[in-house]
Amino acid sequence: MSVTSKETLIALVELGGLEADGLQAFEAVASIGDWEVARVAFLGLKQGRLKTAQEVLKTLPGPDRRAYGQRFNAVKTALEAACERERERLDQSAPVIKMLGEDLSVPGAHLGFGRRHPLTQTSEELIDIFGRMGFELARGPEIEDTFHNFEALNIPGDHPAREPLDNFYLSPKSLLRSQTSTVQIRVMEATQPPIRVVALGRVYRPDAVDATHSFMFHQIEGLYVDRGVTMANLKSTLRQFAKSYLGQDVTVRFRPSFFPFTEPSVEVDMMWDSSGRWVEMGGAGMVDPNVLRSVGYDPDEVSGFAFGLGIERLCMRRHGIDDIRPFYQNDVRFLSQF
Ligand code: FA5
């Protein structure tokens, strides 16, 4: 191919250099990042070397332009083909080959999702049921002073319930609460009647562990104080609750009992199963006038009922569990059933 000027000759030599550089650059790419750098450097529409070479055409003498243009097109086609070829090579290489090395038909690993502990689920359901009956949620501390755990509940200093062997004392004046009845006092100290609350949480007693006893367990406490509250209200509230949580066919009975902070007091039993066995679900009664007086209420004006139920036993009865211990053994085979 003959050309008329020296500039054209130089430009054609440069086009040859551009082609060689470009082919070498595309051949050398090892990653998609390298490939992109080479593509922009040679084929980039704004500042790629091919674009610059195209601009040269306009500066050449008219008769030489055809020759330059033909050579330019050949270089462009070669570089575009190299660019395309290397892209395909990259797409088919590393990651895909790695994936193919594994057996894609093996089922994925099962992702085990956590779930809430059955006692947490039970507590939430109890809050819900009592919430629908108009009870609000109250809270109290697990580390209590002896005043709230005993004195304010009409359990004086020499009472056997205060024995060190029956409680987890932390100091002479503080202990891990042995009952949620402490929260009754805290609520009454802070609020005026009418009061309708439930309080749930852990309580601690050094009881020997067996199928129905643990040294740490959960109670739900209920307290209703207003004008004219009666034992009939207490019994109907607990029966309604039991039917709602344990089912319409549950049988509940009340036995006369004694608690220092209620008068009269009852123990509440639920029929466990069709064998006719009764299991104690909780204690309850009419708030003792002494307790009402000690928080500044007038027992001639207001009366109240209170109850404290074992949450584990409710959950056990509901789900047909005969032993309290699995709740605290962290065995997922047990826990994952809820
Ligand atoms: C009380 O704790 C009273 N505070 C209940 C009360 C509240 C009476 C308000 C009057 C007014 P008691 O010690 O019986 O009572 O316990 C109540 C319930 O907690 C029992 O019926 C039982 O369901 C559960 N419970 C008691 N001890 C244990 C234990 N070691 N492990 C599991 N559950 C227990």
Side-chain angles (χ1 to χ4, degrees), residues 1-125 127-128 326-338:
M1 189 185 306
S2 59
V3 290
T4 59
S5 77
K6 194 175 151 205
E7 302 105 275
T8 309
L9 210 54
I10 293 170
L12 283 170
V13 171
E14 282 176 351
L15 256 186
L18 164 60
E19 182 180 30
D21 289 352
L23 292 176
Q24 201 182 358
F26 280 116
E27 221 168 280
V29 297
S31 68
I32 202 77
D34 291 351
W35 176 85
E36 180 62 8
V37 170
R39 189 190 67 76
V40 172
F42 289 92
L43 300 173
L45 289 181
K46 282 191 180 153
Q47 288 172 350
R49 282 178 64 182
L50 211 55
K51 176 76 186 163
T52 316
Q54 192 180 19
E55 304 290 321
V56 171
L57 182 76
K58 290 180 241 159
T59 67
L60 298 179
D64 292 346
R65 289 189 185 169
R66 187 151 177 261
Y68 186 86
Q70 277 176 354
R71 179 74 181 114
F72 173 87
N73 282 338
V75 170
K76 183 167 181 255
T77 306
L79 290 186
E80 282 173 350
C83 180
E84 186 68 19
R85 193 171 56 240
E86 294 307 318
R87 175 66 201 226
E88 274 170 22
R89 178 175 63 84
L90 283 173
D91 283 351
Q92 286 167 10
S93 64
V96 177
I97 285 169
K98 206 166 146 214
M99 257 172 66
L100 291 177
E102 289 162 14
D103 182 352
L104 299 181
S105 65
V106 172
H110 173 68
L111 283 180
F113 290 108
R115 58 185 75 216
R116 285 164 309 143
H117 192 277
L119 293 175
T120 308
Q121 295 183 32
T122 304
S123 299
E124 285 170 2
E125 202 170 328
I127 292 170
D128 196 49
F327 285 127
Y328 300 110
Q329 286 164 342
N330 269 346
D331 185 336
V332 283
R333 287 169 303 179
F334 172 77
L335 297 175
S336 63
Q337 297 176 67
F338 298 90

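For clarity, every value in this text was computed on a predicted model and none was experimentally measured. Nothing fancy with the numbering, it's 1 onward along the sequence. The figures here come from the full heavy-atom set of this structure, side chains too, leaving out hydrogens, waters and symmetry mates.
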Please table the atom pairs, donor to acceptor, closer than 3.5 Å between any side-chain atom in residues 329-338 and protein atoms at least two apart or in another chain.
residue : atom : partner : partner atom : Å
Asp331  : OD1  : Arg333  : N            : 2.9
Asp331  : OD1  : Arg333  : NE           : 3.2
Asp331  : OD2  : Arg333  : NE           : 3.4
Asp331  : OD2  : Arg333  : NH2          : 2.8
Ser336  : OG   : Val332  : O            : 2.7
Gln337  : NE2  : Arg333  : O            : 3.1

Please tell me if the side chains of Asp34 and Ser31 come closer than 4.5 Å, counting only heavy atoms from C-beta onward. yes
Any side-chain heavy atom of Ile32 within less than 4.5 Å of one from Glu36? no
Could you tell me the separation between the CZ atom of Arg87 and the CZ atom of Phe26, rounded to the nearest 0.5 Å? 11.5 Å
Closest non-hydrogen atom pair, Leu57 against Gly69: CD1-N, 4.0 Å
So, taking the atom named CZ in Arg71 and the one named OG1 in Thr8, what distance separates them when rounded to the nearest 0.5 Å? 14.5 Å
Go through it in stages, so that I can follow the logic: the residues are Tyr328 and Leu119, the test is side-chain contact (heavy atoms from CB on, under 4.5 Å), and I'd like the CA-CA distance, side-chain angles, deciding distance and then a yes or no. CA-CA 10 Å; Tyr328 300 110; Leu119 293 175; 3.3 Å; yes
I'd like to check the salt bridge (Lys or Arg N to Asp or Glu O under 4.0 Å) partners of Glu88; sequence neighbours left out, ordered by chain and number. none
For Ala78 against Glu19, the heavy-atom pair lying closest together: CB-OE2, 3.6 Å
Should Asp128 and Glu124 count as side-chain neighbours, where that means a heavy-atom distance under 4.5 Å? no
Which atoms form the tightest heavy-atom contact between Val3 and Ala67, and what is the distance? CG1-CB, 4.3 Å
Mark yes or no for whether Arg65, through its side chain, and Lys58, through its backbone, hold a donor-acceptor pair below 3.5 Å. yes
Quick one: list whatever passes salt bridge (Lys or Arg N to Asp or Glu O under 4.0 Å) with Glu7, sequence neighbours left out. none
Can you measure from CG (Leu50) to CG (Leu15) and round to the nearest 0.5 angstrom? 8.0 Å
Measure across Glu27 and Arg89 and return the closest heavy-atom pair with its distance rounded to 0.1 Å. O-NH2, 4.0 Å
I'd like to know if Glu86 pairs up with Arg39 as an ion pair, taking the criterion as any Lys NZ or Arg NE/NH1/NH2 lying under 4.0 Å from an Asp or Glu carboxylate oxygen. no
Tyr68 and Thr59, any side-chain heavy atoms less than 4.5 Å apart: no
Can you find a heavy atom in the side chain of Thr52 that is under 4.5 Å from one in the side chain of Val56? no
Once rounded to the nearest 0.5 Å, what's the spacing between atom OG1 of Thr4 and atom CG of Asp64? 3.0 Å
Interatomic distance, CG@Leu60 vs CG@Leu12, rounded to 0.5 Å, equals 8.0 Å
Asp21 and Arg49, any side-chain heavy atoms less than 4.5 Å apart: yes
Could you tell me whether a side-chain N or O of His117 sits under 3.5 Å from a main-chain N or O of Phe327, the two making a donor and an acceptor? yes
